[in-house]
Each structure stands twice: as C-alpha cells, then as structure tokens.
Amino acid sequence: PFTQYQKDFWEWGWAIQPKKYYRPRVECHPRGVGKSTLAEALVVSMVARRKSNMIGYVSLNETKATKHFESIKSMLENPKFLEMYPHCKPKVQKLKDTAAQWSREAIVLQSGAMIVPLTLQGSARGWKSSSGERFSTLVLDDIDELGQSVEFTQKLIDILKGEILAASHDTTLVLMPQNLIHRDAICSQ
C-alpha cells in the first residue's frame, strides 16, 4: 500500500493544471520510499493527461540524468500505456542550441510534448524549444551528493537560480524529490 507521503504526493500531482502557479514542492524523504520513481511516473502522467508539454528533468551529472531519461522513456514505450495514450509515442531527438555550444538527447512525443534531461554540470542557460517554449515543469532530482563542499553546493545553487530556473516562466511547476544528503545540502536550502 502507499505510504501517507505517497498518497499526499499523488493527490497533489493529480490536481496539477497547466499554466497555473504552484509553490515549488520539495519532497525531502529518506531513501527507499520511491521519490524518483514517483517523480518519473508523474512526468509520464502529466504528458499523458496533457498537463505539461515541456519538461526539464535536472540531475547533478550525466550518469544520473541518463538513469532518469531511460526510466521515463521505458514507461512511455510500454505497449499497454501506448494503447491508452497513443499521443505519447516517444522518439529520441538530438537537440542543439543556436550557437551549437551544447547538444542533448530529448524525448519528443507524438503530441509534440518534450522531456529534456539536463545536468547541473552542463546546464541550459536560457533554454527554449525550437518553437520558443520554455519549461512548463522542472524536476530537480538527484542534484545533491555526499562529499560536496559548501562552495560547490553554492555554485550549484547559483547555476540553478541563474541558468535552470531562468529557463522557465512564472507558472513553471518545480518539483524536487531528494534525500537530505547533509545539513547544507541544496534540498535543505
């Protein structure tokens, strides 16, 4: 059965409506309660229900970003899911910024919705889609790590504020499922 945390999460997540402001939601719980799994499933449910069409899934590094990317892609490729939501048929597409300074694989759905994995160590200053859309949802997952110095954590916070969150708009939904790694972690700030 779901824990109370999971029930509360889905009650909140199922009520999300597009282009409406919600306070950023920080889910700071211990390991093993499915924070990332729930966040990934929420992303899939949001594109299936057409509640969000431009999602940035942000992790600390490429390894973690790839893990979340593959998990979301796998959910979207499920044949039973696609029977119910054919507009969610995914394809992987290579994205490049206009100055060709970075490129990134993204999941682009038949409906045009897009899920873009980003890393704090590679960020996306002012990122917009080719049609000019900014992120309608940002998920900040696995952005803290053991052994980070206070200085490094502050640098990551600066990147979050100045580059990742700057690639959004005033109604962008922000979700942060994260373990409390240490006292000065981003999650606790």
request  = For a side-chain contact (heavy atoms from CB on, under 4.5 Å) with Ile55, tell me which candidate from Thr172, Val44, Val116, Val47 qualifies.
outcome  =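 Answer to the side-chain contact (heavy atoms from CB on, under 4.5 Å) test with Ile55 among Thr172, Val44, Val116, Val47: Val47.
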
Passing candidate, side-chain contact (heavy atoms from CB on, under 4.5 Å) with Cys88, options Asn78, Ile107, Leu76 = Leu76

Return the [atom1] to [atom2] distance between [X] and [Y], rounded to the nearest 0.5 Å.
X: Ile115; Y: Lys73; atom1: CD1; atom2: NZ; result: 12.0 Å
X: Leu160; Y: Met176; atom1: CG; atom2: CE; result: 7.5 Å
X: Leu165; Y: Ile159; atom1: CG; atom2: CD1; result: 12.0 Å
X: Lys51; Y: Ser136; atom1: NZ; atom2: OG; result: 12.5 Å

Work out which heavy atom in [X] is nearest to a heavy atom in [Y]; give both atom names and the distance.
X: Ser45; Y: Trp10; answer: OG-CZ3, 4.0 Å
X: Ile143; Y: Val58; answer: CG2-O, 3.7 Å
X: Ser168; Y: Arg134; answer: O-CD, 3.4 Å
X: Pro86; Y: Gln110; answer: O-OE1, 3.7 Å
X: Ile164; Y: Leu138; answer: O-CD1, 3.8 Å
X: Ala106; Y: Met114; answer: CB-CG, 4.1 Å

Side-chain touch [X]/[Y], heavy atoms, less than 4.5 angstrom:
X: Ile72; Y: Met75; answer: no
X: Leu109; Y: Tyr85; answer: no
X: His68; Y: Ser36; answer: yes
X: Pro117; Y: Thr66; answer: no

ask   = Using a distance-only test with no angle check, is there a side-chain donor-acceptor pair under 3.5 angstrom linking Ser74 and Glu77?
value = no

Mark yes or no for whether [X], through its side chain, and [Y], through its backbone, hold a donor-acceptor pair below 3.5 Å.
X: Ser59; Y: Asp141; result: yes
X: Tyr22; Y: Gln17; result: yes
X: Ser52; Y: Met46; result: no

task = Check the surroundings of atom CD in Gln4: do more than 12 heavy atoms from other residues, nucleotides or ligands lie under 6.0 Å from it?
result =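 More than 12 within 6.0 Å, yes.
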
query = Any link between Tyr21 and Val174 through a network of hydrophobic side chains (Ile, Leu, Val, Met, Phe, Trp, Tyr) touching at under 4.5 Å?
reply =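 Each belongs to a different hydrophobic cluster.
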
Which residues share a salt bridge (Lys or Arg N to Asp or Glu O under 4.0 Å) with Lys7, sequence neighbours left out =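 Expected list: none.
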
task = List the steps and the verdict of side chain to side chain contact (heavy atoms under 4.5 Å, CB included) for Glu27 and Leu175.
result = CA-CA 8 Å; Glu27 294 290 338; Leu175 169 63; 4.1 Å; yes

task = Provide the full list of salt bridge (Lys or Arg N to Asp or Glu O under 4.0 Å) pairs with a residue in residues 56-68, sequence neighbours left out, each pair given once.
result = Glu62-Arg104, Lys64-Glu145, Lys67-Asp142

message = Apply side chain to side chain donor-acceptor pair (under 3.5 Å) to residues Thr37 and Glu40 and explain how you reach the verdict.
response = CA-CA 5 Å; Thr37 302; Glu40 293 159 358; 4.7 Å; no

task = Using the test ring-ring contact (aromatic ring centres under 6.0 Å, His included), find all partners of Trp14 that sit at least two apart in sequence or belong to another chain.
result =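 By the ring-ring contact (aromatic ring centres under 6.0 Å, His included) rule, Trp14 matches no residue at all.
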
ask   = Between Phe9 and Lys35, is a side chain to side chain contact (heavy atoms under 4.5 Å, CB included) present by the stated rule, with each step listed?
value = CA-CA 9 Å; Phe9 178 84; Lys35 294 176 302 301; over 6 Å; no

